[in-house]
Amino acid sequence: MTISQPVILWFRNDLRLTDHAALLAATETGQPVLPVFILDDTSPGRWAMGGAARWWLHHSLAALQAALADRGCTLILRRGDSATVLAELVRSTRATDIFTGGSADPWARRLDQTVAEATDARFHRMRTRTLFHPDSIRTKTGGSYSVYTPFANACLALGGPKPPSPAPMEIRAADVAATERLDDWGLLPGKPDWAGGLRDTWTPGEAGAMERADAFLTHGLTGYAAGRDQPAGDGTSMLSPHLRFGEISAAQLWHLAHQRPNGKGREIFIRELLWREFCAHLLWHNPGLPEAPLKPEFAKMPWRDDKPALTAWQRGQTGVPIVDAGMRQLWRTGWMHNRVRMIVASFLIKHLMIPWQDGEAWFWDTLVDADLASNAGNWQWVAGCGADAAPYFRIFNPVLQGGKFDADGDYVRHFVPELAKLDAKYIHAPWVAPAHALTSAGVSLGKTYPHPIVDLAQGRARALEAYAKIRSVT
Ligand SMILES: Cc1cc2nc3c(=O)[nH]c(=O)nc-3n(C[C@H](O)[C@H](O)[C@H](O)COP(=O)(O)OP(=O)(O)OC[C@H]3O[C@@H](n4cnc5c(N)ncnc54)[C@H](O)[C@@H]3O)c2cc1C
């Protein structure tokens, strides 16, 4: 080895320079650093990145390129199978080491193994995504956790992650290897351009993440406990896509939040970060989480194959206002408020009896924060078939949920403008409104806005009956 031989820094879902253990370790070797990002649609199989996440990735990579360029480094972009690309890069640059961040995604873990075996370089996987290593949180008997509260308490007992490391002031740049052009990757939509709402809502990249974190911690944290369940307000941080792409680390957020006054808001925010951590822990210990129910009896559920209902749900045309508002928010902005995610998921799984995996797949394609662990963990949680899941018989009534969390109907009015003029007392159930209330609001059910695609009481009864059946055969 000579001091001029480079080390490779393989960026993955950790597109930042601050608090990046792998980047730090790479710079500390004193050797030149070759930063690389690989667009690999082969290794993830069916979990290749969805459309909304690709939009985000494009902009996040552009921001990372600029941040590295400020330090005199070029981000090498390559497409293809990661193991093949890295083996070729190691050969052509004579790199001695590969530094990278780990992930709970089963395909990424398999890939680490393959890369480590396929190249002559030393392979170093560091923790860049989670607060703790998923293996380091253990029950008293050495097992993994399947219930959130004791898991969260075990994390809290550790006293928090170590303080974040600053971005390296200088990175010794390696000679540039051949790179592809980001614009040639086709990550942005062509025609039709569906990304207008995404552009209006988000600023991908490390600087955008820090700006949002700062705004939330300054203005939102104290009111978070009360405001986080109101989808019409901006009561939550909206940091999930930034966390998804690792533009800010969970440890940075943990420590930034602890610099703010103690209170209920901060406590709950930290517990939400631990939900993310819990999902990663679940996936790490249950690699089948995205595909199969953790409670095996749910595989026998008599799901319905109802394409028109699935399409109506995807398009926000179910005739149930809070569900439609949520699905349209998702389509327009690539994000949906957590309370509404629970409502739309419950509606799909229980009222429509469509498999949770169909909802998971749609979210995968349309969410900018689509994350294998959090998406699968939460879908299983709502379905009642996951770890520590909401009991199956707890079926959200979308009308009552709407009345409780969107009492004035502002959220529905914003995303379902055809109901905007309807009185708040009918906005979550226009089908009970008297004819004159509909007429004066310009609503004609079946014409300007659909009738509900399912009778809520009948849907609920059907779901409970199916559940009773699978329970009785196990
Ligand atoms: C059916 C369903 C699917 C979901 N799919 C995803 C997904 O693919 N990616 C994703 O990041 N989140 C997912 N969530 C969790 C949650 O809805 C989002 O993390 C949250 O809405 C993000 O908004 P926020 O950043 O404003 O959250 P905040 O309320 O500000 O919370 C701060 C952070 O805590 C984490 N967090 C909060 N709630 C959860 C939760 N229930 N599970 C895991 N982490 C959480 C997120 O990283 C979030 O950014 C899903 C929830 C449901 C019900």
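Just so you know, ligand 1 is whichever comes first in the structure, and atom 1 is the first atom listed for that ligand.
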**Message:** Looking only at the aromatic ring of each residue, does the gap between the centers of Phe37 and Trp10 stay below 6.0 angstrom?
**Reply:** no
**Asked** Quick one: does Asp369 get an N or O within less than 3.5 Å of an N or O on ligand 1?
**Response** yes
**Request:** Tell me which protein heavy atom sits closest to atom 14 (N) of ligand 1, plus the residue, atom name and distance to 0.1 Å.
**Result:** Arg341 NH1, 3.5 Å
**Prompt:** Quick check: does Trp275 get an N/O under 3.5 Å from an N/O on ligand 1?
**Reply:** no
**Asked** Do Trp303 and Gln357 have a side chain donor and acceptor closer than 3.5 Å?
**Response** no
**Message:** For Glu211, I'd like to know if atom CD has over 12 heavy atoms of other residues, nucleotides or ligands within 6.0 Å.
**Reply:** no
**Message:** How far is atom 21 (O) of ligand 1 from the closest protein heavy atom, and which atom is that?
**Reply:** Asn338 CB, 3.4 Å
**Item:** ligand 1 atoms in contact with Ala370 (distance to a heavy atom under 4.0 Å)
**Value:** 8 (O)
**Request:** Classify the side-chain pair Glu206/Thr18 by whether it contains a donor and acceptor separated by less than 3.5 Å.
**Result:** yes
**Prompt:** Do any nitrogen or oxygen atoms of Asn375 lie less than 3.5 angstrom from nitrogen or oxygen atoms of ligand 1?
**Reply:** yes
**Prompt:** Would you call Trp381 a ligand 1 contact, heavy-atom distance under 4.0 Å?
**Reply:** no
**Asked** Looking at atom 30 (O) of ligand 1, what's its closest protein heavy atom, distance included?
**Response** Ser237 OG, 2.6 Å
**Asked** Are Trp335 and Leu198 close enough, and set up right, to give a side chain to side chain contact (heavy atoms under 4.5 Å, CB included), and what steps lead you there?
**Response** CA-CA 9 Å; Trp335 183 88; Leu198 276 67; over 6 Å; no
**Request:** List every atom of ligand 1 that sits less than 4.0 Å from any heavy atom of Met342, numbering the atoms from 1 in the order shown and giving each element.
**Result:** 53 (C)
**Request:** Under the side chain to side chain contact (heavy atoms under 4.5 Å, CB included) rule, what do Leu273 and Leu243 come out as? Steps first, then yes or no, please.
**Result:** CA-CA 10 Å; Leu273 291 179; Leu243 280 162; 4.1 Å; yes
**Prompt:** Does ligand 1 have any atom that is closer than 4.0 Å to a heavy atom of Met238?
**Reply:** yes
**Prompt:** At what distance is the nearest protein heavy atom to atom 42 (N) of ligand 1, and which residue and atom is it?
**Reply:** Asn378 ND2, 3.0 Å
**Item:** Sub-4.0 Å heavy-atom contact, Arg244 with ligand 1
**Value:** no
**Prompt:** What protein heavy atom sits nearest atom 32 (C) of ligand 1, and how far away is it?
**Reply:** Phe269 CE1, 3.5 Å
**Message:** Taking atom CZ as the centre, does Arg394 end up with more than 12 heavy-atom neighbours from other residues, nucleotides or ligands that are less than 6.0 angstrom away?
**Reply:** no
**Request:** Please report which non-hydrogen protein atom sits nearest to atom 31 (O) of ligand 1, along with the residue it belongs to and the distance in Å to one decimal place.
**Result:** Tyr224 OH, 3.5 Å
**Geometric N/O contact Leu243 with ligand 1, under 3.5 angstrom** = no
**Request:** Could you list which atoms of ligand 1 come closer than 4.0 Å to a heavy atom of Trp335?
**Result:** 22 (C), 23 (O), 26 (O)
**Asked** Going by atom types alone, do Gln230 and Arg339 pair a side-chain donor with an acceptor below 3.5 Å?
**Response** no
**Asked** If you measure only the distance, is there a donor-acceptor pair under 3.5 Å linking the side chains of Asn13 and Arg129?
**Response** no
**Prompt:** If you measure only the distance, is there a donor-acceptor pair under 3.5 Å linking the side chains of Tyr411 and Gln329?
**Reply:** yes
**Closest candidate by heavy atom, reference atom 33 (C) of ligand 1, pool Leu367, Leu273, Asp371** = Leu273
**Flag for Trp379-Asn375: side-chain donor and acceptor within less than 3.5 Å** = yes
**Prompt:** When you look for heavy atoms under 4.0 Å from ligand 1, do you find them on the side chain of Phe363, its backbone, both, or neither?
**Reply:** side chain
**Message:** Check this for me - ligand 1, Leu239, N or O atoms closer than 3.5 angstrom, yes or no?
**Reply:** yes
**Complete:** The protein heavy atom nearest to atom 36 (N) of ligand 1 is Glu272 O, 3.4 Å
**Residue and atom name of the nearest protein heavy atom (relative to atom 19 (O) of ligand 1), distance in Å to one decimal** = Ser240 CB, 4.0 Å
**Prompt:** When you check the side-chain N and O atoms of Thr42 and Asp81, is any donor under 3.5 Å from an acceptor?
**Reply:** no
**Request:** Applying side-chain contact (heavy atoms from CB on, under 4.5 Å) between Arg266 and each of Leu221, Thr222, Leu217, report the one that passes.
**Result:** Leu221
